[in-house]
Amino acid sequence: MYSPSGHPRCRLGEIWHYIIAHLILCSQMTDLLYTEKGLVTSLKEYIRQEENRLEQVKEWADKLDSLTITATQDPEGFLGHPVNAFKLMKRLNSEWADLESLVLKDTANGFISNLTAQRQFFPTDEDQTGAAKALLRLQDTYQLSANTISNGDLPGVVHKSRMTVADCFELGKIAYSEADYYHTELWMAQALTQLDEGEESTIDKVSVMDYLNYAIYQQGELERALELTKRMLKLDPNHQRANGNLKYFEFQLEKQRKAEAEKKEQEDKKREKKVLDKREAQRKRSKDPLPERKKYEMLCRGEGVKLTPRRQSRLFCRYFDNNRNPQLLLAPVKQEDEWDRPRIVRYHDIISDSEIKTVKEMAKPRLRRATISNPTTGVLETAPYRISKSAWLSGYEHSTIEKINQRIEDITGLEMDTAEELQVANYGVGGQYEPHFDFGRKDEPDAFKELGTGNRIATWLFYMSDVSAGGATVFPDVGAAVWPKKGTAVFWYNLFASGEGDYSTRHAACPVLVGNKWVSNKWIHERGQEFRRPCQCEQLSFVFVLFFFFFCCCCCTCAYGRVIVFHRNKFYALSFSCLLFASVYK
């Protein structure tokens, strides 16, 4: 079996994870729009100059046409007039030379120079491929048909845009290049449908069928592949690859039928499973590393939220002053319970439009590909599962950032001096952050080691824009989904009061389907919280913690910064904050 490129391919080749590693930031996309607008203006000026030049040539041609018609009716009589003879010499000697200069005049210089200057800002092939993969990711996450996307029928869309046959064909080719035959089939089939409906295109049906045929074959549907091959040959009887594939498919199909006759029932079940779950088969081929992808994508679509009515009845809204904090006494904040376990709260009207504007203006020039903390080394680095651009803002840079940091401290009661800087992130269409933990796990002893401030005890997340569709923050393990709302913030603890990690806080930023998502977050660390969030040691009373310091028990320090205590035939893990709190009373 030969691929459309004309070369044999492995049946189940290694596939790179389809999540794109290069998305162009939405603000950069806006710049590209204005760049294109400038190029169109330059092009129109070039056309105007060309039209003027051609109009002059046309006027010259019309004048000479009339003159030569008259002259050739009686050449001798016409040239018998000395003025006519002079003007003929003049025209041929000088005026035709002027016309030659006019015809050869290059009015494209300005346009070409502008185009060349702007080309350095154009997207690369890699960017175009990335945008295509973003569309494929959105298609899967939100279960959108190729026809829906092609027609531009997306929720919340204001500027509807329809895809052409060439656009669909390009998407299919990109999926094909990644050995993603599931999406290759979807988009080549859509291209073929639009061609069958009469859409004019430079892409012909045979080319589309060639890719579609191979994708169908790779997914094990020999009968469909054979039928499509026969259709191809009706359009192009001399198609070399189709003729070769026809014989190959007939041979393979006959071989398959013989096998089915021997184990009919078992093979029927296998074949049915292949047809019904093509995407699952594609996931296995691509070795998808995300075990909870189905649950994650369901939550992104607003499906499968597990909160029962009884639990829902225990969630409330309130005015919150954090135990009569002086800053909040006269203006308590609006607090809403979003989830109970883990406890996730949302604060409404917590950041103003002017503050959002300032934060964005400061962040835009610094936005770079977002990073994650390497669980082994603790070093910040990019990752293919986090697709966004981010920037870091310090309180000393601007009074607005300082005010925001102080507001978070007043509301949470946690120390901000040991927290990380305010991180601003922008997620364009398709931008996401797959399920992850904010805190370092026990098997990551060097996480945040360079910071020297302990683990991430809590997360504060501002929503600085509304999102037309998609972009939720979801917690797959518990079924929670929090939707973006401009001017609000959500807060949760990543660690229990004992210092142990809360694994139910594993969360993700869903892909943005339509719109542009701006967020900023503050990761708050353990160090400095010893008295602000006193440790509640699991299974150990506070009296025992004090007793431990006054009377030496058998203990040792573990690699994760906790003390292992042996007491009454049991081992206990005490966090640094527990021990430090107890030592004060020693």
[Y]/[X] salt bridge by N-O under 4.0 Å criterion:
{"X": "D337", "Y": "R314", "result": "no"}
{"X": "K295", "Y": "E292", "result": "no"}
{"X": "R311", "Y": "D340", "result": "yes"}

For the residue pair [X] and [Y], establish whether any side-chain heavy-atom pair is separated by less than 4.5 Å.
{"X": "Y427", "Y": "V519", "value": "yes"}
{"X": "P511", "Y": "C300", "value": "yes"}
{"X": "V345", "Y": "E336", "value": "no"}
{"X": "T412", "Y": "F491", "value": "yes"}

So, taking the atom named [atom1] in [X] and the one named [atom2] in [Y], what distance separates them when rounded to the nearest 0.5 Å?
{"X": "I457", "Y": "L495", "atom1": "CD1", "atom2": "CG", "result": "5.5 Å"}
{"X": "N325", "Y": "D410", "atom1": "CG", "atom2": "CG", "result": "4.5 Å"}
{"X": "D180", "Y": "L186", "atom1": "CG", "atom2": "CG", "result": "8.5 Å"}
{"X": "T488", "Y": "I350", "atom1": "OG1", "atom2": "CD1", "result": "9.5 Å"}
{"X": "Q327", "Y": "N322", "atom1": "CD", "atom2": "CG", "result": "11.5 Å"}
{"X": "W492", "Y": "T459", "atom1": "CH2", "atom2": "OG1", "result": "5.0 Å"}

* To do: Decide if atom CG of L329 counts as having more than 12 heavy atoms of other residues, nucleotides or ligands within a radius under 6.0 Å.
  =>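 For L329, atom CG is crowded (more than 12 foreign heavy atoms under 6.0 Å).
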Between the side chains of [X] and [Y], does any donor sit under 3.5 Å from an acceptor?
{"X": "R456", "Y": "N494", "answer": "no"}
{"X": "T400", "Y": "E355", "answer": "no"}
{"X": "E409", "Y": "N405", "answer": "no"}
{"X": "Q423", "Y": "N521", "answer": "yes"}
{"X": "D502", "Y": "S504", "answer": "yes"}

* **Identified side chain to side chain donor-acceptor pair (under 3.5 Å) counterpart of T453 within the set E420, H525, E415, R527** =>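 Result: among E420, H525, E415, R527, H525 is the only option passing the side chain to side chain donor-acceptor pair (under 3.5 Å) with T453.
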* Do W460 and Y347 have ring centres separated by under 6.0 Å? ->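 Yes, the ring of W460 comes within the 6.0 Å limit of the ring of Y347, centre to centre.
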* Would E397 and W392 count as a side chain to side chain donor-acceptor pair (under 3.5 Å) if you check the C-alpha gap in whole Å, the side-chain angles of each, and the deciding distance to 0.1 Å? -> CA-CA 11 Å; E397 296 181 71; W392 300 83; over 6 Å; no
Which heavy atom of [X] sits nearest a heavy atom of [Y], and at what distance?
{"X": "V512", "Y": "N516", "value": "CG1-N, 4.2 Å"}
{"X": "S465", "Y": "W518", "value": "OG-N, 2.9 Å"}
{"X": "T141", "Y": "R301", "value": "O-NH1, 2.7 Å"}

* Asked: Do R533 and Y493 meet the cation-pi criteria used here (NZ or CZ under 6.0 Å from the six-membered ring centre, within 45° of the axis)?
  ->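 That pair qualifies as a cation-pi contact.
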* Asked: Is NZ or CZ of K485 both nearer than 6.0 Å to the six-membered ring centre of Y463 and within 45° of the ring axis?
  ->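 K485 over Y463 ring: no.
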* Asked: Hey, is the main chain of R441 close enough, under 3.5 Å, to the side chain of E444 for a donor-acceptor pair?
  ->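 A pair under 3.5 Å: yes.
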* To do: Would you mind telling me which of F439, F475, Y433 makes a ring-ring contact (aromatic ring centres under 6.0 Å, His included) with H507?
  =>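 Only one option passes, and that is F475.
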